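Note that the numbering runs from 1 along the sequence shown for the chain. Values below: every heavy atom of this structure, side chains too, minus hydrogens, waters and symmetry copies. Because the structure is a prediction, the values reported are computed rather than measured.
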Amino acid sequence: MRQPSQASDGSTIRLNSALPPADAYVFDIDGTLLNSRDLVHWNAFHRAIAEAYGSTATLEGVQCHGMTDVLILRAALARAGVRDGEFQAKLPRALKVLRREVDHNREGLKPEVCVGIKPLLRRLQDSGHLLGVASGNLASVGWHKITAAGLRDFFSFGSFSDECESRTEIFRNAIAMAEAQSGSATRVCFVGDTPFDIQAARDVGAPVVAVATGIFGIEELKAGAPDVCVAHCEDLLQS
C-alpha cells in the first residue's frame with residue numbers, strides 16, 4: 001500500500017475539498033502540466049509545412065494555445081492560401097513529418113513542470129485515482145514532452161489529436177478511455193489552462209478545473225465558468 005504523500009516539512013498532503021470529486025482526473029499538457037521553452041515542436045510544424053505542402057507558411061500570429069496540432073496546421077496553411085482539399089490530401093504526410101521531427105529532436109525538449117503538478121499527481125495516484133491526459137498534441141509528441149518532464153509514470157492513458165481534430169472529440173475519447181479501464185460509471189474531471197478546455201469539458205458534460213499556468217489569466221478563465229479556477233495546481237492541495 002502506498003504511503004500518504006508528504007510536504008517538505010513532513011506533514012501529510014491532502015486534496016483541497018474544492019477539487020470536484022471524480023474517479024479519474026484528466027490533464028491537458030501544454031500550460032497545465034508543463035510549459036515548453038524550447039522550439040522542438042514549433043520547428044517540427046515548419047518542417048511539416050515545408051515538406052508536405054511545399055509552403056513557407058509559419059505559425060507566427062496563429063492562435064496555438066488551446067488548439068490541436070491539426071487545427072494549427074490548418075490555420076497556418078489556410079492563411080497561405082492552401083485550400084481544404086489540398087490540406088486534407090497532404091495532411092497524413094504532414095503529421096508523419098511532425099511526429100518524425102519531434103522524435104528525432106526529443107533530446108532538445110526542455111519542459112518546465114508547472115507549479116504544484118508533481119505533488120498533486122502523486123497525491124491523486126496515492127489515493128487510487130485514475131490519471132490520464134487529453135491534449136491537442138499528437139500522441140507521440142505529447143508523450144515525448146511528458147517523458148522529458150519526468151511525469152510519464154503517473155498516467156495510464158492519453159487522448160490526443162491524431163484522430164480527433166477538435167478538443168471536444170479529444171475529451172469525449174478520454175472519457176471512453178477512462179470508462180474502458182474503470183467501468184461505465186467512472187466519473188471524469190478535466191484540468192486545463194485555456195477557455196477551450198473549459199468549453200470542451202462543458203460539451204461532454206464533465207466538471208473542469210481551470211489553472212492559470214498558461215497564457216490565460218484567472219479572470220479570463222473565470223469568464224468560462226469552470227467548476228474551480230486556481231492560479232496553479234498547488235492551490236488544489238492542503239497540508
Side-chain angles (χ1 to χ4, degrees), residues 5 13-35 65-68 113-137 142 146 151 154-161 164-239:
S5 301
I13 297 173
R14 300 188 300 276
L15 297 172
N16 191 308
S17 60
L19 186 67
D23 305 300
Y25 290 90
V26 180
F27 292 75
D28 173 53
I29 296 178
D30 298 296
T32 301
L33 291 175
L34 56 88
N35 281 300
H65 297 279
M67 296 291 102
T68 65
V113 178
C114 292
V115 174
I117 282 295
K118 285 188 176 180
L120 175 61
L121 294 177
R122 191 173 298 114
R123 185 68 192 97
L124 288 169
Q125 188 179 67
D126 286 348
S127 54
H129 291 89
L130 186 65
L131 298 177
V133 294
S135 167
N137 288 180
I146 288 172
L151 303 176
F154 288 110
F155 301 105
S156 63
F157 69 92
S159 180
F160 299 93
S161 65
C164 305
E165 184 167 343
S166 79
R167 188 161 292 268
T168 296
E169 291 176 274
I170 292 169
F171 277 33
R172 186 171 290 116
N173 188 49
I175 290 175
M177 289 179 166
E179 291 178 341
Q181 290 197 25
S182 296
S184 59
T186 302
R187 299 170 299 167
V188 178
C189 177
F190 291 91
V191 184
D193 68 293
T194 75
F196 306 102
D197 296 305
I198 299 170
Q199 185 58 54
R202 291 288 172 251
D203 290 343
V204 299
V208 60
V209 175
V211 292
T213 44
I215 68 166
F216 294 95
I218 285 183
E219 293 309 313
E220 292 175 285
L221 295 171
K222 283 183 176 179
D227 295 87
V228 177
C229 187
V230 294
H232 44 67
C233 281
E234 197 167 68
D235 290 339
L236 299 173
L237 295 166
Q238 57 188 30
S239 59

Item to complete: Please name the pair of heavy atoms, one in S161 and one in G136, separated by the smallest distance, quoted to 0.1 Å.
Response: OG-O, 2.7 Å

Fill in: Under the side chain to side chain donor-acceptor pair (under 3.5 Å) test, residues paired with N16 that sit two or more places apart
none

Item to complete: Nearest 0.5 Å please: distance from the CZ atom of R123 over to the CG atom of L237.
Response: 9.0 Å

Worksheet, complete the sentence: Those residues at least two apart in sequence (or on a different chain) that pass ring pair (Phe, Tyr, Trp, His ring centres under 6.0 Å) with F190 are F171

Worksheet item: Any donor and acceptor pair, going by atom type alone, linking the side chain of T213 with main-chain N or O of G31 inside 3.5 Å?
Response: yes

Worksheet item: Just how far is it from atom CD1 of I215 to atom CD of E220, taken to the nearest 0.5 Å?
Response: 7.5 Å

Fill in: Spacing of CZ belonging to F27 relative to SG belonging to C114, to within rounding of 0.5 Å
11.0 Å

Response to the item:
Between V228 and A18 the two heavy atoms that sit nearest each other are CG2-O, 3.1 Å

Fill in: Nearest-0.5 Å distance, CE of residue M67 to OG of residue S166
10.0 Å

Practice prompt. Determine which pairs satisfy salt bridge (Lys or Arg N to Asp or Glu O under 4.0 Å) with at least one residue from residues 206-217, sequence neighbours left out, and list them in order.
Written response: none

Worksheet, complete the sentence: Across all chains, not counting sequence neighbours, the side chain to side chain donor-acceptor pair (under 3.5 Å) partners of N35 are none

Response to the item:
Residues passing the ring pair (Phe, Tyr, Trp, His ring centres under 6.0 Å) test with F216, sequence neighbours excluded, are none

Practice prompt. Quick one: do D23 and V188 satisfy side chain to side chain contact (heavy atoms under 4.5 Å, CB included)? Show the steps, please.
Written response: CA-CA 6 Å; D23 305 300; V188 178; over 6 Å; no

Discussion item. Distance check, rounded to the nearest 0.5 Å: L151 atom CG versus R122 atom CZ?
Written reply: 10.0 Å

Worksheet item: Would you say the side-chain atoms of R167 pair up with the backbone N or O of G66, donor to acceptor, closer than 3.5 Å?
Response: yes

Response to the item:
Sequence neighbours excluded, the answer for side chain to side chain donor-acceptor pair (under 3.5 Å) partners of E165 is R74

Worksheet entry | Contacts of type salt bridge (Lys or Arg N to Asp or Glu O under 4.0 Å), residue E169, not counting sequence neighbours | none

Under 3.5 Å, which donor-acceptor pairs link side chains of residues 176-183 to any protein atom two or more places apart or in another chain?
residue	atom	partner	partner atom	Å
Q181	OE1	S156	OG	3.2
Q181	NE2	S156	O	3.3

Worksheet item: Residues in ring pair (Phe, Tyr, Trp, His ring centres under 6.0 Å) with H232, at least two apart?
Response: none

Worksheet entry | Among L221, I117, V230, T194, side-chain contact (heavy atoms from CB on, under 4.5 Å) partner for V211 | V230

Fill in: Partner set under side chain to side chain contact (heavy atoms under 4.5 Å, CB included) for A231, not counting sequence neighbours
I218, D235

Worksheet entry | Contacts of D193 that satisfy salt bridge (Lys or Arg N to Asp or Glu O under 4.0 Å) - sequence neighbours left out | none

Fill in: Reported OG1-to-CZ distance for the pair T68 and F160, which is rounded to 0.5 angstrom
13.0 Å

Fill in: D203/R172 ion pair, N-O < 4.0 Å
no

Fill in: Check: S135 side chain, I29 main-chain N or O, donor-acceptor pair, under 3.5 Å
no

Worksheet entry | Qualifying residues under salt bridge (Lys or Arg N to Asp or Glu O under 4.0 Å), relative to R202, sequence neighbours excluded | D227

